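Okay, structure first, notes after.
All residue numbers refer to positions in the sequence shown, counting from 1. Quantities reported herein were computed from a predicted structural model and do not represent experimental measurements.
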Amino acid sequence: PRAHSYTKYNSWDKIQAWINSIASSNSNLISRQVIGNTYEGRPMNLLKLGKKSSSSKPAIFMDCGIHAREWISTAFCQWFVKEALSTYGQDQQMTSLLDQMDVYVLPVFNIDGYDYTHKSNRMWRKTRSRKTGSSCIGADPNRNFDAGWCTLGASSNPCSDTFCGYKPESEIEAKNVANFIRNNKASIKAYITIHSYSQLLLFPYSYTYKLAADHSELMRVAEGASAALRSLYGTRYTSGPGATTIYPAAGGSDDWAYDLGVKYSYTFELRDTGRYGFLLPESQIKPTCEETMLAVKYIASYVQKNL
Ligand SMILES: NCCCCC[C@@H](C[SeH])C(=O)O
Ligand SMILES: [Zn+2]
Ligand SMILES: [Zn+2]
Ligand SMILES: [Zn+2]
């Protein structure tokens, strides 16, 4: 059977095998922990990148694949891990980052949904949770966090693609991630969540039109990261608060992390702007990931300088 490839959209089985092998590839720089299981019982593997240290280091938390059909997002987290390990020791910025901080990477947040897009419905977005009383399946994890929950830009209809869930963190995947971040909030300085598509770099708030207390700083960093991204292939991103830059949307992981105190909280919407949309060709995985590396490294180095 086809092996794992960084320039293909890997099935969940390939990604799980990749996680197991890469997590044991360099005990000084990477380790793995399971933060809980998905609704259908798949283990949520969190990778921890960073030079091993007996004391706890400041950290960045990045997740991919909240939405099942956004395959370029999941591909990016795999790419990031590969780049981090392969450029540590050569790339000054990555070496400094992993020496000073830890980077937690959740390669696939919504594993059940991701597997479902490979096997059944390519356009599935939500989790695959079931509840008696409704024939419709799943909730939108990015509407299920306890941040203005279900007030706007979300639906209380279980059949909607933006169903907010029966209560905040009703989705076990969201609860597992929220628990981890809550338990580690003293060290987590930044939260980055990867989505597609539209080429946007968003930050809080989406649950209100009110500007965040740190709006101007978050905007400056987003502009710098977008410029870094554009420097490689000229790809243009728009930066701004979610509510006015894309649409109002309550219950998002970024807004929740920000209100918890994780100041540098960003949502990426990767390529493209609609030509292929969620069906971005595999030929664009490499360029998309390379340009996104520049933006993520820009944010990470800014966080480092402002510890
Ligand atoms: N917290 C919401 C950030 C803005 C919306 C992001 C998109 C990604 Se597909 C969405 O969840 O609809
Ligand atoms: Zn998404
Ligand atoms: Zn999106
Ligand atoms: Zn590279």
Side-chain angles (χ1 to χ4, degrees), residues 2 4-15 38 40 42 62-80 105-129 136-144 153-155 159-164 171 173-174 192-202 206 226 229 233 235-238 242 245-249 251-254 266-293 295-296:
R2 199 172 59 72
H4 174 278
S5 165
Y6 290 108
T7 55
K8 289 192 183 305
Y9 295 121
N10 299 292
S11 65
W12 166 242
D13 298 341
K14 295 268 175 315
I15 297 173
T38 65
E40 292 179 338
R42 296 179 175 89
M62 179 165 72
D63 61 48
C64 291
I66 282 187
H67 292 135
R69 64 191 177 193
E70 299 164 15
W71 287 7
I72 187 60
S73 158
T74 311
F76 177 69
C77 270
Q78 294 164 69
W79 190 277
F80 181 89
V105 179
L106 181 63
V108 190
F109 183 117
N110 176 7
I111 311 169
D112 298 346
Y114 183 74
D115 193 56
Y116 190 70
T117 59
H118 276 262
K119 294 175 177 166
S120 308
N121 177 354
R122 175 70 181 79
M123 291 305 279
W124 191 257
R125 171 181 165 102
K126 300 191 288 181
T127 62
R128 294 291 300 162
S129 60
C136 290
I137 291 177
D140 182 346
N142 214 27
R143 302 294 184 278
N144 190 236
S155 168
C159 303
S160 163
D161 244 3
T162 57
F163 176 44
C164 58
E171 304 312 295
E173 296 84 358
I192 299 172
T193 182
I194 311 292
H195 290 254
S196 79
Y197 62 92
S198 295
Q199 294 174 199
L200 303 173
L201 184 41
L202 307 168
S206 296
S226 301
L229 187 151
Y233 302 115
T235 307
R236 297 190 152 318
Y237 268 58
T238 304
T245 310
I246 186 166
Y247 35 61
S253 59
D254 54 356
Y266 289 99
T267 296
F268 278 80
E269 286 270 45
L270 302 185
R271 290 191 192 181
D272 61 12
T273 55
R275 175 153 184 233
Y276 296 101
F278 302 116
L279 310 181
L280 194 71
E282 290 186 332
S283 60
Q284 292 198 44
I285 294 176
K286 185 177 186 311
T288 303
C289 292
E290 289 290 16
E291 68 189 11
T292 308
M293 283 302 298
V296 171

**OP:** Could you pull out all residues at least two apart from T38 that satisfy side chain to side chain donor-acceptor pair (under 3.5 Å)?
**Re:** D112
Subject >> Sequence-distant partners of Y276, side chain to side chain donor-acceptor pair (under 3.5 Å), two or more places apart >> reply: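 Testing Y276 for side chain to side chain donor-acceptor pair (under 3.5 Å), a comparison that skips the adjacent residues, returns none.
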Could you grab the distance from atom [atom1] of [X] to atom [atom2] of [Y], nearest 0.5 Å is fine?
{"X": "T127", "Y": "F109", "atom1": "OG1", "atom2": "CZ", "result": "9.5 Å"}
{"X": "W71", "Y": "Y9", "atom1": "CH2", "atom2": "OH", "result": "8.5 Å"}
{"X": "L106", "Y": "E173", "atom1": "CG", "atom2": "CD", "result": "10.5 Å"}
{"X": "D161", "Y": "R69", "atom1": "CG", "atom2": "CZ", "result": "5.5 Å"}
{"X": "I66", "Y": "D254", "atom1": "CD1", "atom2": "CG", "result": "8.5 Å"}
{"X": "E40", "Y": "I111", "atom1": "CD", "atom2": "CD1", "result": "10.5 Å"}

Closest non-hydrogen atom pair between [X] and [Y], with its separation:
{"X": "Y114", "Y": "A68", "result": "N-CB, 3.5 Å"}
{"X": "F268", "Y": "A295", "result": "CE2-CB, 3.7 Å"}
{"X": "R271", "Y": "Y237", "result": "N-OH, 3.9 Å"}
{"X": "Y197", "Y": "E269", "result": "N-OE1, 3.3 Å"}
{"X": "D115", "Y": "K119", "result": "OD2-NZ, 2.9 Å"}
{"X": "A139", "Y": "K126", "result": "O-CB, 3.2 Å"}

**OP:** Establish, from distance only, whether the side-chain atoms of Q199 and T235 form a donor-acceptor pair under 3.5 Å.
**Re:**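 Judged by distance alone, the side chains do not pair up.
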Subject >> Polar side chain donor-acceptor pair, Q284 to D272, under 3.5 angstrom >> reply: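 Q284 vs D272: no donor-acceptor pair found between side chains.
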Original post:
Picking from I72, I194, L270, what satisfies side-chain contact (heavy atoms from CB on, under 4.5 Å) with C64?
Top reply: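 Going through I72, I194, L270 one by one, the side-chain contact (heavy atoms from CB on, under 4.5 Å) with C64 is satisfied by I194 alone.
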Original post:
For the side-chain contact (heavy atoms from CB on, under 4.5 Å) test, which of P141, C164, S129 pairs with E171?
Top reply: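 Option passing the side-chain contact (heavy atoms from CB on, under 4.5 Å) with E171: S129.
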Original post:
Is E70 close to F76 at the side-chain level, that is, under 4.5 Å between some pair of heavy atoms?
Top reply: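 Contact flag for F76/E70 side chains = no.
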**OP:** Assess whether side chain to side chain contact (heavy atoms under 4.5 Å, CB included) is satisfied between S196 and L280, documenting all intermediate values.
**Re:** CA-CA 9 Å; S196 79; L280 194 71; over 6 Å; no
**OP:** Evaluate the side chain to side chain contact (heavy atoms under 4.5 Å, CB included) criterion for residues Y266 and L201: first the C-alpha distance (whole Å), next the side-chain angles of each, then the deciding distance (0.1 Å), finally the verdict.
**Re:** CA-CA 7 Å; Y266 289 99; L201 184 41; 3.9 Å; yes
**OP:** Apply side chain to side chain contact (heavy atoms under 4.5 Å, CB included) to the pair M293 and F80, showing each step before the final yes or no.
**Re:** CA-CA 7 Å; M293 283 302 298; F80 181 89; 3.6 Å; yes
**OP:** Could you tell me how the ring of W79 sits relative to the ring of Y6: parallel (under 30°), tilted (30 to 60°) or perpendicular (over 60°)?
**Re:**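 Perpendicular.
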Original post:
Is there a donor-acceptor pair under 3.5 Å between the side chain of N10 and the backbone N or O of S5?
Top reply: yes
Original post:
Any donor and acceptor pair, going by atom type alone, linking the side chain of S253 with main-chain N or O of N142 inside 3.5 Å?
Top reply: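 No, the answer is negative, given that no donor and acceptor are paired below the 3.5 Å cut-off.
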**OP:** Identify the residue among D140, N110, T162 that makes a side chain to side chain donor-acceptor pair (under 3.5 Å) with R125.
**Re:** D140
**OP:** Start with the C-alpha distance between M62 and C77, add both sets of side-chain angles, then the distance that settles side chain to side chain contact (heavy atoms under 4.5 Å, CB included), and finish with yes or no.
**Re:** CA-CA 8 Å; M62 179 165 72; C77 270; 4.2 Å; yes
